[in-house]
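Structure first, then comments.
Lettering of chains follows the sequences in order, A, B, ..., and the numbering in each one begins at 1.
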Amino acid sequence: MNRARGFLHPMIEKNYQPADIEARMSVVWEDSLAFKAGRPDRRDAVPFTIVIPPPNVTGSLHMGHALNNTLQDILCRFERMRGRDVLWQPGTDHAGIATQMVVERQLMERQQPGRREMGRAKFLERVWQWKAESGDTIINQLKRLGASCDWSRERFTMDEGLSKAVVKVFVELHREGLIYKDKRLVNWDTKLLTAISDLEVQQLEVKGHLWYLRYPIEGKTFSPDDPSSFIVVATTRPETMLGDTGVAVHPDDERYQKLVGRNVILPLVGRKIKIVADDYSDPEKGSGAVKITPAHDFNDFEVGNRHGLARISVIDREGCLDLVDNEDYLRDLPEGASQFAEEFHKVDRFAARKRIVERLESFGFVERIEPHTHMVPHGDRSNSVIEPYLTDQWYVDAKTLARPAIAAVRSGETTFVPKNWEKTYFEWMENIQPWCISRQLWWGHQIPAWYGPDGKVFVAETEEEAVSHALGYYVEQEVITPEQGREMALDRNKREGFITRDEDVLDTWFSSALWPFSTLGWPDETPEVQRYYPTNALVTGFDIIFFWVARMMMMGLHFMKEVPFSTVYIHALVRDEKGAKMSKSKGNVIDPLNLIDEYGADALRFTLAAMAAQGRDIKLATSRVEGYRNFATKLWNACRFAEMNHCAVPDGFEPAKAKETLNRWIAHETAHTTREVTEAIEAYRFNDAAGSIYRFVWNVYCDWYVELAKPVLLGPDSPAKDETRAMVAWARDEILKLLHPFMPFITEELWEVTARRDGLLALAPWPLKPAEPTPEQIAMLAATAGPTDALVSPVWVLPIFDHADFTDPAAEAEIGWVIDLITQIRSVRAEMNIPPATLTALVLAGASAETKERAPRWADVIKRMARLSEISFADRAPDGAVQLLVRGEVAALPLKGVIDVAAERTRLDKEIGKADADIKRADSKLANEKFVANAAEEVVEEEREKREAALARKAKLLEAVERLKQAS
RNA sequence: GGGCACGUAGCUCAGCGGGAGAGCACUACCUUGACAUGGUAGGGGUCACAGGUUCGAUCCCUGUCGUGCCCA
């Protein structure tokens with residue numbers, strides 16, 4: 001690295017090179033432990049805590065992560081600068097299914113033995129190995145983004161500590177009856193061979209068919225030509241007919257009323273099944289009669305329960321027909337049934353569909369086939385069609401746990417930002433279903449349940465405890481002798497086959513639900529739990545409100561008796577620039593790392609913040625990123641300008657006491673922006689905060705302040721020059737602070753190289769004073785600050801300037817006049833096609849005393865910026881001059897002979913037209929009695945003022961026209 | 001079918017009861033001593049449509065059309 005280092009501090013490099021800066025600053029932050037929670041100098045500071053939504057260890061940074069973590073980082077850096085003891089808790093999620101799939105795919109690609117050949121222990125070893133190799137990828141990518149997490153506290157959902165929390169929670173909920181085992185239909189993934197929860201199922205629209213099947217009525221001779229000999233049922237899944245145990249018709253459907261209670265003979269199978277009346281059947285749909293397969297359809301399951309219909313599973317875990325030796329299926333079937341069973345046994349469900357339809361057709365059982373588009377459940381990981389499947393699984397009684405979680409949001413203990421997401425939350429929570437938490441996987445937290453030989457369950461935190469309970473029970477039941485019990489307790493081999501552990505693991509989201517407290521050391525009573533729980537904000541996307549937010553609320557309230565976070569900020573989804581969801585299959589994914597490489601992390605961050613308006617998706621266009629990279633360059637060069645002009649803040653400099661109007665003006669503008677940015681971040685209006693600081697840096701500081709200051713800075717030494725140098729540097733420092741949460745790298749770099757500093761910008765005090773801690777917070781701090789030798793000084797000290805109060809309307813008026821004058825002269829020059837090289841004179845006609853006083857003060861800068869040769873005063877504008885109206889006074893450019901009189905006349909007429917329109921609008925409003933009577937007084941007053949101003953303007957313009965006439 | 005958003009400049013988006021804004025793109029001019037990753041000026045919009053409330057509607061309400069998402 002070739003950095004020019006002066007004797008005071010390093011100089012700014014000529015060109016802004018994000019990659020260099022980012023690499024260097026990452027090291028600086030890491031070495032200085034800047035992001036460590038509980039820094040000694042902040043032990044008396046109020047904590048501010050955010051837990052990161054743990055990315056999957058399998059993952060790599062995508063645009064959603066980039067947005068999510070940028071917003072969290074803005075909050076963390078902002079609060080850290082406000083003096084809080086910030087804990088941004090990082091970590092990763094073991095992501096059960098996703099990770100297991102990655103490793104299995106890897107084994108397959110390398111043509112190594114699969115997981116089943118390998119065995120559980122070996123396979124798990126392999127996954128851990130993989131995690132060790134690539135688990136850092138996403139963490140390093142988060143660091144590249146600038147995430148100011150306390151990396152020393154990184155956690156993993158399968159860490160020892162977190163696993164302990166998982167087991168504890170499972171055992172306690174089981175003991176309370178809130179976790180139980182049940183046999184019911186689950187969403188079964190026939191590819192991954194596991195149950196999944198409702199949330200992991202995606203309903204996809206599929207073009208299929210509706211098959212109309214004839215089921216012969218018992219006691220009649222079936223004939224396709226005799227409609228009275230059968231009932232027609234419509235189905236989208238003909239292959240499940242083998243498991244039909246009923247036919248349902250609507251109770252009010254007159255067509256079928258006399259058939260209710262009678263039996264039909266199931267085609268191909270021969271099973272006698274009942275026709276029942278149930279309002280699940282929709283008379284409008286299909287034939288109005290539906291076949292009921294309780295073991296293979298969620299709705300049919302309910303119908304079956306209502307009518308006491310048998311449940312016959314005819315599909316196995318891999319999605320193949322399962323008929324041979326299937327007692328439920330074969331029960332009460334006529335002769336010859338086993339031959340059919342053998343023919344179709346182990347045929348895949350989709351092949352079976354085709355063959356069964358063919359067979360039905362050949363006997364005349366198919367009435368017709370219609371094309372039919374319907375929703376089909378798919379596994380979100382495997383993308384295979386989900387099979388409703390009857391098995392034993394573990395469930396959480398979510399309904400009970402949801403109650404306090406609903407109440408906490410209703411009472412406002414936890415609020416959603418934007419608020420409308422609360423409705424989504426309530427909607428789901430109030431209709432919550434039991435949560436299926438067992439997965440037939442290996443990678444995850446193995447369920448702490450053991451079974452005896454009769455299938456009795458023993459749940460305990462450790463194997464010893466479970467085994468001892470179990471053995472005690474079986475001794476008592478006289479299944480084994482006390483002697484056998486003792487032997488089995490001591491020797492694992494002896495009890496093998498007698499007591500076995502549940503093979504299944506828990507849903508990944510089970511451990512994620514504990515994240516806000518398990519990462520702090522719970523169930524141990526750590527100081528961190530006391531200090532940092534409940535957390536302050538949770539920042540996440542709406543797609544995981546159910547998966548994660550809701551479950552953290554339930555678990556947090558149940559185990560900690562307090563909500564896990566007070567604010568849930570829900571941000572948008574990042575889409576491509578056409579609004580499509582980014583996905584690998586569509587190939588429209590924008591890789592944030594590529595954007596960082598090309599434009600820098602700061603530019604990407606700023607883009608995301610600037611576009612993060614509440615309640616709206618982000619359609620990301622790279623042109624925006626480029627624009628904000630240019631913004632960074634602009635800032636860089638402004639700082640170079642300050643450096644080249646030897647701008648520095650002297651000791652004891654007090655901006656509020658500045659004498660120069662220009663300097664008072666920039667103090668005024670800085671204070672205004674500081675308040676805007678602060679309020680916007682506090683309200684999670686990231687886009688407003690970003691917009692405010694952007695405008696200030698570019699359109700106020702660079703475009704005007706620096707330009708207006710140039711004559712002074714380039715002129716001879718004077719007290720005014722000294723003050724201006726100080727002010728340029730001071731405002732620059734304020735900018736660096738305000739911008740730091742958004743663009744941490746470039747601001748930290750510039751902070752370092754522009755002056756000798758006491759410490760890092762990341763730890764510098766925010767310009768605006770934060771709120772005082774509440775008595776509760778002070779009490780909590782006293783309890784958790786730990787031993788301290790001396791009173792630690794407050795972290796946030798009032799800087800030399802109070803942005804909360806400072807304002808200077810007089811300075812604003814004066815600089816406003818200068819800006820208006822320059823802008824208007826430039827505008828008219830451009831309109832008149834006066835080349836920049838041509839200098840013109842300016843005559844201020846009939847100037848007020850105020851203007852006469854101001855003009856000489858600003859003569860240099862106005863001449864420079866408006867390309868003028870001289871400025872003079874006169875009672876009236878010279879003949880043939882172009883006349884401008886600046887804040888009600890005439891500014892004339894004597895351009896006789898240069899300008900096109902006709903064009904100038906046109907311009908003036910246009911102006912007069914505008915004034916007329918304004919007068920007319922105001923008149924019509926003021927003439928409206930209802931307006932004067934009903935509108936707010938200040939609105940009416942404003943309208944009067946507008947009218948007066950427009951009238952005055954018109955008068956001056958008419959004079960200008962007169963003068964022009966005389967010239968020609 | 002139920003619910004939630006959203007239709008504002010060519011594009012990507014702010015704004016949201018009192019005279020339409022930004023960035024990018026576009027046009028013209030400018031290599032002036034921080035910056036061409038720049039400067040100056042400019043063009044461009046019946047704020048989807050139709051009703052209603054109001055003194056006043058891009059903004060609030062209702063409906064229509066269109067788009068997207070979530071849940072059945």
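The side chain of A/W421 places no N or O atom within less than 4.0 Å of a non-bridging phosphate oxygen (OP1 or OP2) of B/C69. Within the structure, a side-chain polar atom (N or O) of A/K634 is placed less than 4.0 Å from OP1 or OP2 of B/G39. A sub-4.0 Å separation between OP1 or OP2 of B/A25 and a side-chain N or O of A/S623 is absent. The side chain of A/N630 contributes an N or O atom lying less than 4.0 Å from OP1 or OP2 of B/G38.
In this structure, the NZ atom of A/K925 is 11 Å from the P atom of B/G56, given to the nearest Å. In this structure, CG of A/N431 is placed 13 Å from P of B/C71, rounded to the nearest angstrom. The nearest whole Å value for the distance from the OH atom in A/Y425 to the C1' atom in B/A5 is 21 Å. The distance between atom CZ of A/F606 and atom P of B/A14, rounded to the nearest whole Å, is 15 Å.
Counting any heavy atom pair closer than 4.0 Å across all strands shown, A/Y694 reaches sugar-phosphate atoms only and no base atom. The residue A/K710 sits close to a base: some heavy atom pair falls under 4.0 Å. At the heavy-atom level, A/T424 lies nowhere under 4.0 Å from the strands shown. Counting non-hydrogen atoms under 4.0 angstrom, A/C702 reaches a base of the nucleic acid.
Between the side chain of A/E707 and the base of B/A34 there is at least one donor-acceptor pair of N/O atoms closer than 3.5 Å. Remark: the A/R826 side chain and the B/U40 base include no donor-acceptor N/O pair separated by less than 3.5 Å.
With a 3.5 Å ceiling on both atom-pair distances, the Watson-Crick or G-U wobble partner of B/U27 is B/A41. Across every strand in view, B/U58 sits unpaired, with no contact that passes the Watson-Crick or G-U test at under 3.5 angstrom. Summarising the base pairing, B/A34 is matched to no nucleotide, lacking a Watson-Crick or G-U wobble pair whose two defining distances lie under 3.5 Å. For B/A5, the paired nucleotide is B/U67, the pair qualifying as Watson-Crick or G-U wobble because both relevant distances are below 3.5 Å.
Within residues 830-842 of chain A, the residues having any heavy atom closer than 4.0 Å to RNA chain B are, in order of number, A/A830, A/P836.
If you look at A/Y16 and A/W636, their ring centroids are closer than 6.0 Å. You'll find the ring centres of A/Y425 and A/F542 outside the 6.0 Å limit.
Taking the ring axis of A/F426 as reference, the NZ or CZ atom of A/R410 stays within 45° of it and closer than 6.0 Å to the ring centre.
Nearer the 5' end of RNA chain B, as judged by each residue's closest nucleotide, is the contact made by A/K423, out of A/K423 and A/W704. Along RNA chain B, the nucleotide nearest to A/V706 and the one nearest to A/D918 differ in position, and the one closer to the 5' end is contacted by A/D918.
For the atom pair CZ (A/R732) and CD1 (A/I666), the distance works out to 13.5 Å, reported to the nearest 0.5 Å.
Judged as a side-chain hydrogen bond (donor to acceptor under 3.5 Å, both in side chains), not a single pair has a partner in residues 930-940 of chain A (not counting sequence neighbours).
For A/F931, counting side-chain heavy atoms from C-beta on, the closest listed nucleotide (B/U40, B/A72, B/C55) is B/C55.
The minimum heavy-atom distance linking A/P377 with A/Q203 is given by the pair N-OE1, 3.6 Å.
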